[in-house]
Amino acid sequence: MSYDVILITVPPWEPKMPPLGLAYISEYLKSRGLKSRVLDFNLKLFKEAPLQKKIFWEIHNINSMPPQDITSKMFNSFSDEIHEIASQVVSLDCDLIGFSVNIASIGLAGKIASLIKKKDKSKRIIFGGTGCFWEHDRRLVFPDDLDSIDAFVIGEGEEVLEEIISNHKNGKSFEDITGVIYKRKDFLKPVDAFYTQDIDKLPFPTFSDFELDSYKENLLPMLISRGCIGRCAFCIDHLMCGRYRYRSPEKILEEIEYHINKNKINHFSFNDLICNGNLRQLEQLCDLIDRSKLNITWGSYAMVRKDMDLGLLRKMKKAGCIWLCYGVESGCDRTLKRMNKFYTSEDAEKVIKATHEAGIQAAINIIVGFPRETQEDFRQTLSFIKRNKDYISEITNVSSFVIMPPSKIGKHLQDYGIKIPPLHKDLNFYADENELDLSGRLRRVRETIFVISTLQIRNVIVNQPGIKNHSNKKTIALVFCPPARIDLIPLRLTFLYSSLRTRQFNPFIYDFNINLYQGASEGLKGLWNFENRHLWSFKQGLLSIFSSLEKELFLCTEQLISLRTNIFCFLITKENFIFSLKISSLLKKYNPNTVIIFAGPILEREGIYELIPQGLIDILVFAQEEVILPKILSTETDYQSLPNISVYKDGEYLKSERRILDADREKGIRDFIDFSEFNLKSYGSSKLPICLT
C-alpha cells in the first residue's frame with residue numbers, strides 16, 4: 001500500500017498512553033482524504049527492551065540525563081533495533097516521512113533520519129513537535145545528522161503537513177508555507193510558528209492507527225483547549241502553544257462518547273496546559289457530562305484561580321474529575337509576584353482546600369531557588385506545604401529553578417538579578433543577587449524532598465539539573481543508622497572499613513547514629529535508651545521521630561549526600577532496619593542513580609523482602625559482609641556468581657547460595673582493626689571494642 005506520509009515517534013517518552021500529537025495529525029489528514037501510516041517506535045522499543053534497558057523510559061532518567069547522552073546511549077544500546085527501524089521505513093511505499101520529537105528524542109530521531117537517507121536519498125524527512133520549536137533545541141540534533149532533515153515544522157502541524165504533502169505531490173518547494181523551515185542555513189534561526197485558530201474544526205483523534213491494548217494504562221489523552229491564559233515569567237509553554245483557544249463542550253462530549261462506545265475506554269487525561277482557562281466552558285462541559293450520565297474519570301493540570309469556587313469543583317467531581325495538579329510553584333507572595341502569577345499564597349491555599357473538600361485529589365508543583373528567593377521566602381514555601389499537608393495528595397514536581405532562554409527571565413537576566421559566571425556558558429550555573437548558586441538550589445530541592453517525605457506526601461518527579469554522579473567504584477560510604485549504643489564504636493563498622501582499606505578501596509565512614517545523637521536536644525536523647533528503641537521500628541513511631549528531629553535529620557542526610565560517592569552500604573540490625581529504609585529512599589530520591597547495599601544477618605529472615613519497597617535496595621548481603629562487599633565492588637555486573645547476596649533484577653530479588661568463605665584464604669582482615677577514621681571523643685566511653693574470634 002502506498003501512503004502520503006509516514007508519521008513516526010521515537011523514544012524516549014513514557015509509553016503509558018498513545019501520542020496525542022500524532023493522533024491529531026493522522027486523523028486530520030484522514031479527514032482530508034490523505035493516507036498516513038503511524039509507527040510508534042517508542043512503544044515498539046519499550047516493549048522489546050529487557051528490563052535493565054527500560055531505564056531509558058523512566059522519567060527521572062529522561063529529566064536528569066543531558067539529551068545528547070540519551071541519544072548516544074540509546075543508539076548504542078539499541079543499535080540493531082534502530083537499523084531495523086530504518087530499514088522498515090525505507091521499505092514502505094512512501095517518500096515523505098514525518099518525525100514527532102521532543103527534546104529528549106530529537107537527537108535519536110536525527111540518527112534514524114541519517115540511516116534512512118543512507119539507504120534511500122529520495123526520502124524527504126520532516127521534523128515537528130515541541131522538541132524542534134526553539135532554535136537552541138534544534139541544536140540537539142548532531143551536526144552530522146542535520147543534513148538528513150529536509151524541513152522543520154514549527155507550531156501546530158495538522159494544516160501545515162497537509163500543505164507540505166500537497167506541495168510535495170506537485171513538485172513545489174516548502175518556501176511559502178507558514179511555520180516551515182526548509183533551508184539548511186535557516187535551521188538554527190527563529191521562525192514564526194503556525195497555529196490553527198479554530199480548533200473546533202479539527203476532527204478529534206479516534207486512535208484507530210494505534211494498538212491501544214499495548215500501552216501501559218487503560219487511559220486516553222484528550223485536549224479541551226490549546227494555549228494558556230497565564231504568562232509566568234519562567235515559562236515557555238505559553239509561548240510555544242500560542243494564544244488560548246478552547247473547544248466547544250458539545251465537541252468534547254462527542255469525543256468522550258466515541259471512546260466509550262468504540263474504544264471501550266472511559267478514563268481520560270486532559271493534556272491541556274490548564275483545563276480551567278475558560279470557567280464557563282468548563283462548567284458547561286461538566287453539566288453536559290452529568291446530564292449524559294457518563295461514567296468516566298479524568299484529571300488535568302489547572303491554574304489557581306480566585307474565581308474557581310467550591311460549587312464548580314463539586315460539579316467537576318460529579319462529572320468524573322478525580323485529580324487536578326495546580327502549578328502553585330511557591331508559598332511565598334513575594335516570589336509569586338516575581339513569577340508573574342495571578343494569585344497569592346492565600347488564594348492557592350483556598351483552592352487546594354476547596355478541591356480536597358470537593359473530593360478531588362489536589363496535587364501541586366513546586367519550584368525552589370527562583371531568582372532573589374531568600375531563605376525566608378523558601379521557608380514560607382515549606383510552611384505552606386506543612387500547613388496544607390492534609391489537603392495535598394501529591395507534589396507532582398519538585399524542581400530546581402532552571403532558566404529557559406526564550407522565557408521572559410531568559411531574555412531579561414539582569415532584571416532578575418541573575419549573574420552568569422564568566423567560565424560557564426551553561427545557564428544552570430547562574431547565581432542571583434543573594435549569591436544563591438546551583439549547589440544552594442540543589443540543597444533547597446533536597447530539603448523540600450526531605451520535608452515532603454517526613455509529611456508522607458507522595459512525590460513523583462524531581463527535576464534537579466546539574467546533579468553530580470560519582471562513578472568511582474573504589475569509593476563507598478559505610479553507614480550505621482540509629483538506634484544503637486552511643487558509648488562504643490560499632491564493631492561491625494570497623495571490620496568492614498578495615499577490610500576495604502586492606503583491599504585498596506576508599507571507604508567513607510558515616511556513623512549516622514552518633515551524629516544524630518550529638519545533634520539532638522537533651523530532651524530527645526532518651527530516644528536512644530534501650531526501653532525506647534522500639535519506637536524506631538514501626539511507622540508511627542518513626543514519623544514522630546522524624547518530626548521531632550527534622551532539622552538534625554536533614555543536616556545528617558546533607559552530610560551523607562556530600563560524601564563523594566553514589567554507593568552506600570548500610571549495616572543493618574533489627575532495630576535500625578526501618579530507619580535505614582527511610583534514609584535510603586531519600587538518597588534514591590535525591591539521586592536515582594544511587595546504589596544502595598544492605599548488609600546484615602537479619603536480611604535472611606522470612607518476610608524481610610516484603611518490607612522493602614520495589615527496587616529501593618540494589619543488593620542485600622546476608623553473611624560475611626567484610627568478605628563479600630569488596631568482591632561486589634570489584635565485580636562489574638555478574639553479582640550472581642557471588643555467594644551470600646540477593647540482587648534486585650528484573651523486578652525481583654535473586655538470592656544466591658549461602659556459602660561460608662574461608663576468611664584467611666580470602667585475606668582475612670581481623671589481624672588489624674583500623675580506628676583511624678573514628679572520632680573517639682564522640683563516643684561516651686574511652687573503651688575500644690574488640691573481637692576475640
Side-chain angles (χ1 to χ4, degrees), residues 3-13 18-30 32 34 36-42 67 89 94-114 116-117 123-141 145-146 148-168 173-184 186-196 199 202 205 209-210 221 223 226-227 236-237 239-242 271 406:
Y3 302 97
D4 295 302
V5 65
I6 306 297
L7 302 174
I8 301 172
T9 184
V10 301
W13 193 252
L20 186 58
L22 278 192
Y24 256 106
I25 291 173
S26 171
E27 204 66 43
Y28 178 79
L29 294 178
K30 196 181 302 179
R32 306 297 291 175
L34 299 170
S36 64
R37 171 79 181 271
V38 175
L39 300 174
D40 189 346
F41 287 133
N42 179 60
V89 173
C94 180
D95 53 8
L96 193 61
I97 300 161
F99 283 86
S100 177
V101 298
N102 56 57
I103 60 171
S105 69
I106 188 171
L108 189 60
K111 293 292 180 191
I112 297 173
S114 289
I116 292 170
K117 285 281 193 176
K123 302 292 186 184
R124 303 197 72 181
I125 296 177
I126 315 297
F127 273 30
T130 58
C132 60
F133 189 92
W134 303 107
E135 54 271 24
H136 62 272
D137 289 338
R138 297 194 287 275
R139 294 178 186 275
L140 296 174
V141 178
D145 300 322
L146 266 180
S148 299
I149 303 169
D150 294 286
F152 286 98
V153 174
I154 312 302
E156 295 169 353
E158 293 95 344
E159 295 177 81
V160 175
L161 192 53
E162 179 190 12
E163 194 169 353
I164 286 175
I165 293 170
S166 176
N167 283 19
H168 178 63
S173 76
F174 306 150
E175 183 173 1
D176 297 324
I177 304 176
T178 303
V180 173
I181 312 174
Y182 80 100
K183 292 181 179 179
R184 173 69 173 79
D186 297 328
F187 277 3
L188 303 180
K189 295 179 181 179
V191 67
D192 291 336
F194 176 87
Y195 299 101
T196 297
I199 60 174
L202 300 174
D209 297 319
F210 297 84
L223 284 175
R226 294 186 182 186
I236 60 173
D237 287 344
L239 299 172
M240 284 196 296
C241 296
N271 282 16

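Just so you know, residue 1 is the first one in the sequence shown, and it goes up from there.
Annotation: side chain of Glu163 is not in contact with side chain of Asp176 (no heavy-atom distance under 4.5 Å). Residues Ile177 and Val160 form a side-chain contact, since some pair of their non-hydrogen atoms from C-beta on lies under 4.5 Å apart. Counting heavy atoms from C-beta outward, Ile126 and His168 have side chains that stay 4.5 Å or more apart. Residues Ile236 and Phe133 fail the side-chain proximity criterion, which asks for heavy atoms closer than 4.5 Å.
For Tyr28 and Glu162, the side-chain atoms include at least one donor-acceptor pair closer than 3.5 Å.
Heavy-atom minimum distance, Lys189 versus Ile181: O-CD1, 4.0 Å. A pairwise comparison of heavy atoms in Glu156 and Thr196 identifies OE1-N, 2.9 Å as the closest pair. Contact record, Asp137 with Gly131: CB-O, 3.3 Å, taken as the closest heavy-atom pair. In terms of heavy atoms, Ile103 sits closest to Pro67 at O-CB, 3.5 Å. Contact between Val180 and Ala151 at its shortest, heavy atoms only, is CG1-CB, 4.1 Å. The shortest heavy-atom contact between Ile116 and Phe99 is CD1-CZ, 4.0 Å.
With Arg138 contributing its side chain and Phe187 its backbone, the two residues share a donor-acceptor pair below 3.5 Å. Under the 3.5 Å distance criterion, the side-chain polar atoms of Asp209 are left unmatched by any main-chain donor or acceptor of Val38. Of the possible donor and acceptor atoms, one in the side chain of Asp150 sits under 3.5 Å from a partner among the backbone N and O of Ile125. Checking side-chain atoms of Ser105 against main-chain N and O of Asn102 turns up a donor-acceptor pair under 3.5 Å.
Here the straight-line distance linking atom CG of Leu146 with atom CZ of Phe127 works out to 9.0 Å at 0.5 Å rounding. Phe152 CZ to Glu135 CD: the interatomic distance, rounded to the nearest 0.5 Å, is 11.5 Å.
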